Amino acid sequence: MPLTDTLARVDADLVAGRVPVARQRLRGLVSSFPDDLMLRRRLGEVYRLCGEPAEAGRWMYLEQDRDAAETTAFEARYSTPPQRMRALAWGGPESLASSPFAREQLAAVRAACSDAMGHPVDWDMTPPGRRVESRGSGFGGFLAGAGCLVAVLAFLAIWVNGLVALFD
C-alpha cells in the first residue's frame with residue numbers, strides 16, 4: 001500500500017478513536033521508511049496521545065522542538081548508548097536525515113555507542129545486546145509460562161485418564 005494511502009488510514013483511525021491501530025500502522029511505516037522524520041514525528045505524537053512519554057521521546061528524539069521530559073524518559077528507559085542506538089532504529093548513514101539537528105543527534109548517539117562498545121559502529125549494524133523490556137514484562141512472562149505449564153499438565157491428566165479408562 002502506498003505511503004499516502006497508509007497515512008490516510010492513520011488519519012481515519014485517529015479520527016475514529018482507534019489509536020492503537022494508528023500507532024501500529026505508523027510503526028510499520030517507520031520500519032519501512034526509517035529515515036523519514038515526518039513519520040517519526042507522527043508516531044511520537046501518537047505515543048503522546050497514549051500517555052507514553054518514553055516512547056514519545058524515542059520517536060521525537062531527532063526533532064529540535066522535542067519535549068525535554070519525554071527525552072529524559074526515553075534516555076532513562078534506554079540508559080546505555082547501545083540501547084539508544086537500537087531503540088532509534090535508524091537505517092543508513094546520518095546524512096540521510098533531513099535536518100542538521102537530526103544529523104547531529106544521530107552522530108552523537110553513534111559516537112557514544114562506538115565509545116561504549118570500544119570499536120566503531122554504524123547504523124547499518126545494530127549493536128548486540130539484550131532487548132529492553134517494559135515494566136511488568138517479567139511478571140507477564142511468568143504468568144504466560146505458568147499458564148503453559150497448567151495447560152500441559154491438564155493435557156497429560158486427560159491423556160492418562162483416557163489411557164486408564166481404556167484398560168478398565
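Bear in mind the structure is a predicted one, so any value in this text is a computation, not a measurement.
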*Which pair of non-hydrogen atoms, one from Ala116 and one from Pro82, has the smallest distance, and what is that distance?*
CB-CD, 4.1 Å
*Measure the shortest side-chain to side-chain distance between Ser114 and His119 over non-hydrogen atoms and say whether it is less than 4.5 angstrom.*
no
_Side-chain cluster (under 4.5 Å, hydrophobic types only) that Phe101 belongs to, other residues_ = none
*Give a yes or no on whether Leu49 and Val21 share a hydrophobic cluster (residues Ile, Leu, Val, Met, Phe, Trp, Tyr; joining criterion: side-chain heavy atoms under 4.5 Å apart).*
no
_Glu70 CD to Tyr61 OH distance, which is reported to the nearest 0.5 Å_ = 13.5 Å
*Can you name the nearest heavy-atom pair linking Val30 to Arg40, along with the distance?*
CG2-N, 4.1 Å
*Under a 4.0 Å N-O cut-off, is there an ion pair linking Glu63 with Arg66?*
no
*Give a yes or no on whether the backbone of Arg18 and the side-chain of Asp13 come within a donor-acceptor separation of less than 3.5 Å.*
no
_Chi angles and distances behind the side chain to side chain contact (heavy atoms under 4.5 Å, CB included) call for Trp59, Arg27_ = CA-CA 10 Å; Trp59 299 110; Arg27 291 285 308 246; 4.1 Å; yes
*Side-chain contact test, heavy atoms from C-beta onward, threshold under 4.5 Å: evaluate it for Ser99 versus Leu37 and give yes or no.*
yes
*Sub-3.5 Å donor-acceptor pair from the side chain of Arg77 to the main-chain atoms of Ala54, do we have one?*
no
*asked:* Can you tell me how far apart OG (Ser31) and CG (Leu39) are? Round to the nearest 0.5 Å.
replied: 10.0 Å
_Sub-4.5 Å side-chain heavy-atom contact between Tyr47 and Met60_ = no
*Backbone N or O of Glu75 within a donor-acceptor pair of the Ser79 side chain at under 3.5 Å?*
no
*Side-chain contact, heavy-atom cut-off 4.5 Å: Leu88 with Tyr78?*
no
_Are the side chains of Gln105 and Arg110 in contact, using a 4.5 Å heavy-atom criterion?_
no
*How close do Ala102 and Leu62 get, heavy atom to heavy atom, and via which atoms?*
CB-O, 3.6 Å
*Which other residues end up in the same hydrophobic cluster as Leu163, if Ile, Leu, Val, Met, Phe, Trp and Tyr are linked when side-chain heavy atoms come under 4.5 Å apart?*
Trp159, Val160, Val164, Leu166, Phe167
*asked:* Would you say that Thr4 contacts Arg9 through its side chain, given a criterion of any heavy-atom pair below 4.5 Å between the two side chains?
replied: no
_To check you understand the geometry: which heavy-atom pair defines the closest contact between Gly44 and Ala56, and what is its length?_
O-CB, 3.5 Å
*Measure the CG-CG distance between Asp36 and Leu29 for me, rounded to the nearest 0.5 Å.*
8.5 Å
*salt_bridge(Arg41, Asp65) N-O dist < 4.0 Å*: yes
*Could I get the full list of side chain to side chain donor-acceptor pair (under 3.5 Å) partners for Asp11, not counting sequence neighbours?*
Arg42
*Give the minimum heavy-atom separation between Ala87 and Arg58, together with the two atoms involved.*
O-NE, 2.6 Å
_Salt-bridge present (Glu45, Arg23; N to O < 4.0 Å)_ = no
*Would you say Val19 and Cys50 make side-chain contact, with heavy atoms under 4.5 Å?*
yes
_If I take atom CH2 from residue Trp123 and atom SG from residue Cys113, how far apart are they, to the nearest 0.5 angstrom?_
8.0 Å
*asked:* Which heavy atom of Ala73 sits nearest to which heavy atom of Pro53, and what is that distance?
replied: CB-C, 4.0 Å
*Going from CZ on Phe33 to CG on Leu96, what distance comes out if it is rounded to the nearest 0.5 angstrom?*
13.5 Å
*Within the side chain of Trp90, is there an N or O that forms a donor-acceptor pair under 3.5 Å with the backbone of Gly92?*
yes
_Connected via hydrophobic side-chain network under 4.5 Å: Leu3 and Leu26_ = yes
